[in-house]
Novice: 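So that we are looking at the same thing, I have put the structure below in structure tokens.
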Number of protein chains: 2
Amino acid sequence: MKKSRKTTLSDLSKALNLNISTISRALNDHPKVNETTKKLIKEKAKELDYRPNPLAQGLQKQNTKTIGVIFPTFDTNFFFRVLKGIEKMMHESGYQIIISTAGESRIQEKKAIQSLSSYHVSGIIVFLSFEHEDPSFLIDIQDEGIPLLFMDRIYEEIDANYVISDDFVGMYDTVNQFISKGTKNIIHLQGNLQISTAFNRLLGYKEALLKNKISLNPDFIIPCQHQTEVKTGLRNLFSKYALEDIDLITCYNDYYAFQALEFLKENNIRIPQDIQLLGFANEPLSVYTSPKLSTINQPAEEMGVIASEMILQEIQHNQQGESYQFLTKKMSTFYLKRESTLL
Amino acid sequence: MKKSRKTTLSDLSKALNLNISTISRALNDHPKVNETTKKLIKEKAKELDYRPNPLAQGLQKQNTKTIGVIFPTFDTNFFFRVLKGIEKMMHESGYQIIISTAGESRIQEKKAIQSLSSYHVSGIIVFLSFEHEDPSFLIDIQDEGIPLLFMDRIYEEIDANYVISDDFVGMYDTVNQFISKGTKNIIHLQGNLQISTAFNRLLGYKEALLKNKISLNPDFIIPCQHQTEVKTGLRNLFSKYALEDIDLITCYNDYYAFQALEFLKENNIRIPQDIQLLGFANEPLSVYTSPKLSTINQPAEEMGVIASEMILQEIQHNQQGESYQFLTKKMSTFYLKRESTLL
DNA sequence: ATGGAAATTGCAAACGTTTGCATTGTCTTG
DNA sequence: CAAGACAATGCAAACGTTTGCAATTTCCAT
């Protein structure tokens, strides 16, 4: 394993008999270096295939052209779609992306963020799934001058950019709409409440019932930590209730809905004639089921794009010493009727 | 935007009145530093929340604990599943992941790789989609001491680790099996042949026919650059052939198959009774269609895991100056019968 | 010619580590 | 008690940049 060294500034310096600082300035198009020498240097640089060392640059400038992205886990397609949006914008702007998953615990979330901070990333886009009773470490990161952008969750205490999708309103509006058109008995397959999105979707469901003065039947809220628990949950439900007792099943997300779909099909329950089914997220797969899944659309890729734009803005402002006004962008969600619902 | 500085070795050095080198050694558990001082130093480090600066370390050691991953594009779920496998292994081993997409051109592929190299990543996992007439830049990277692992494509000229899924055999075996059980008229929806996987899958199809002395009907190979062209392709086919003339449609990948599925349903063609349909890749969505899609399984996540293990092995060997024997791991693909086929 | 401003280039410190070598201190042993 | 061995620590260079300041050169107006 022979190691061929890379050309450095000092190589160029020797080759051209010019001081290293002149070389550096020339390559950075610093105004006060002679145009002729500049050209000379650039040519030589190309000839020797000089490429700057981002580590050295980062160390010196305390800032790498790199964005950190932290996901909770990789188990839903939604995150990948967001990532796709981020990756598109960032690479257009010449930024590298470092990804990290936070896994299951608060501690891991914290570690992941700190690790990114020590890489001197230019900014961090975070999906935090857990509540942090003491989010001060987040403020610490900001104090280091690293812009933080939060996705899908708001911390009142923290002044930052936010991109959230309106989980609450999405569910609330849709359920409300169904009720107002006469739908009565509505189930909710509830996700892990530690995750804020699950919490907000449940809340939307409850509030819609409340507003319409429908009393909450606790049996109608089926808690599932994971999509694998959906079928059991439904089995329990139907051991207690008849088909006619149920009009619509709403779900924490599309994956829950897929499970429900399978369950219903297995039991020869017709969708939507016997029971209607509603997902959440509009995962790409939802077009391919049959019947095609009605769902609540969440513009995943667009969220990635917007988040990227916002954080790049903030970075740019900071670099130029301008003040910057934080924004909260609420991405609207909307009911998307396909075949698994009637209304 | 106040900037709170991070604690560095020299901060610790001052605080403890010890030389910086002792601090460094202590924290790296170097044997020749007194156990008591070691403990002292570590405590202080924790107290001041010292975290090493990976940039400085990388610059010094010419190696960051970072793995680069290059994808062609992000438009199929397959890559995400591989990424999931990679991310799992790498974070277990304390490596960060930098991702990059190569986009549409050879030039971009080359740039992406070189950019990663200048980040002094410890290794690069690459999906290259294009043929490179001059792959010498890849060898250059290796010469810099950066292990390269190729996914899904073999370069005869380049000695490296490879993880490939057996596209050819997967398609060949399956088609062969169908023929031997009496299936006659088999279509292939062919992908973009610039991409090696598309090429190999087509080849598998052709060879299977050849082996069984079935003459190739050029009409039966329908070239589609993209899944969006599938329906048009099929429309053309059926303008020339009757339903009875076709027994089975094989596809470049599951997404092509999904399109075909829609087309067939739209035209009230029953699957699999009238026409059978076979995908490729076993994308997660293929369970949710109806009928459920039969496909050829490709163990995506596992490929990511294996690739990670292999490249970590190589890195470790290199670091210890041991010699390392390159491997080529061929992941087996297999026919997965679900509901869209009969056999 | 000549003073001085402006343009160009060079010097050296700094970013935060790691590590070979030199130095100091401590202990053992004959 | 001296000397050598070993343990512990310190010194300084190196990784490849950037950048404020100093030094040099060029040029123009007087």
Side-chain angles (χ1 to χ4, degrees), chain A residues 3-41 44-45 48-66 115 117-122 144-145 319, chain B residues 3-42 44-45 48-66 117-122 144-145 319:
Chain A
K3 288 220 181 192
S4 71
R5 269 215 342 48
K6 284 178 186 164
T7 43
T8 71
L9 285 189
S10 105
D11 293 336
L12 289 176
S13 159
K14 277 168 204 152
L16 291 168
N17 210 27
L18 277 170
N19 190 278
I20 220 178
S21 57
T22 311
I23 311 275
S24 167
R25 279 190 267 257
L27 295 174
N28 288 316
D29 265 328
H30 192 287
K32 41 171 79 176
V33 32
N34 189 293
E35 283 303 326
T36 342
T37 45
K38 206 181 264 186
K39 192 166 295 175
L40 194 70
I41 292 174
K44 198 71 178 178
L48 299 187
D49 190 27
Y50 168 78
R51 272 167 286 146
N53 179 334
L55 294 176
Q57 285 179 320
L59 182 59
Q60 164 68 29
K61 308 220 280 188
Q62 304 283 39
N63 169 26
T64 55
K65 282 197 90 177
T66 300
S115 151
S117 122
S118 51
Y119 264 91
H120 286 272
V121 293
S122 313
E144 289 168 10
Q319 279 171 354
Chain B
K3 288 220 183 194
S4 72
R5 266 217 341 49
K6 284 176 187 165
T7 41
T8 70
L9 285 188
S10 103
D11 294 336
L12 288 176
S13 159
K14 277 168 204 152
L16 292 168
N17 210 28
L18 277 169
N19 189 279
I20 219 177
S21 57
T22 311
I23 312 274
S24 166
R25 279 191 266 257
L27 294 173
N28 288 316
D29 265 327
H30 192 286
K32 43 171 79 175
V33 32
N34 189 293
E35 283 302 327
T36 342
T37 44
K38 207 182 262 187
K39 192 166 292 176
L40 195 71
I41 292 175
K42 286 188 178 174
K44 199 69 176 181
L48 299 187
D49 190 26
Y50 169 77
R51 271 168 286 145
N53 180 332
L55 294 176
Q57 287 179 319
L59 183 58
Q60 164 67 30
K61 308 221 278 188
Q62 302 283 37
N63 169 27
T64 56
K65 283 196 90 178
T66 299
S117 123
S118 52
Y119 264 90
H120 286 272
V121 293
S122 313
E144 288 168 10
Q319 279 172 354

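The chains referred to below are lettered A, B, ... by the order of the sequence lines, with proteins before strands, and numbering in each begins at 1.
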Novice: Report yes if some heavy atom in the side chain of A/Leu9 is under 4.5 Å from a heavy atom in the side chain of A/Ser13; otherwise report no.
Specialist: no
Novice: When you check every protein heavy atom under 4.0 Å of nucleotides 14-20 of chain D, what one-letter string (B, S, -) results, 5' to 3'?
Specialist: BBBBBBB
Novice: Could you give the NZ-to-P distance, from B/Lys32 to D/dA5, as a whole number of Å?
Specialist: 15 Å
Novice: May I ask you to check whether A/Tyr50 and A/Thr8 show a side-chain donor-acceptor distance below 3.5 Å?
Specialist: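 Not at all, the side chains of A/Tyr50 and A/Thr8 share no donor-acceptor pair under 3.5 Å.
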Novice: Is the shortest distance from a Lys or Arg side-chain nitrogen in A/Asp29 or A/Lys38 to a carboxylate oxygen in the other one below 4.0 Å?
Specialist: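 Yes, A/Asp29 and A/Lys38 are salt-bridged.
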Novice: Any donor and acceptor pair, going by atom type alone, linking the side chain of A/Thr7 with main-chain N or O of A/Leu48 inside 3.5 Å?
Specialist: yes
Novice: Compare all side-chain heavy atoms of B/His120 with those of A/Lys6 and state whether any distance is below 4.5 angstrom.
Specialist: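 Side chain of B/His120 against side chain of A/Lys6, heavy atoms only: contact under 4.5 Å found.
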Novice: Tell me: CD1 of A/Ile41 to P of C/dT8, nearest whole Å?
Specialist: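 Taking atom P of C/dT8 as the reference, CD1 of A/Ile41 is at 12 Å.
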Novice: Whole angstroms only, please: what is the CG-P distance between B/Asn34 and D/dC6?
Specialist: 18 Å
Novice: Find out whether B/Lys44 and B/Ile41 are in side-chain contact, i.e. whether some heavy atom of one side chain is under 4.5 Å from a heavy atom of the other.
Specialist: no
Novice: Tell me: NE2 of B/His30 to P of C/dC21, nearest whole Å?
Specialist: 13 Å
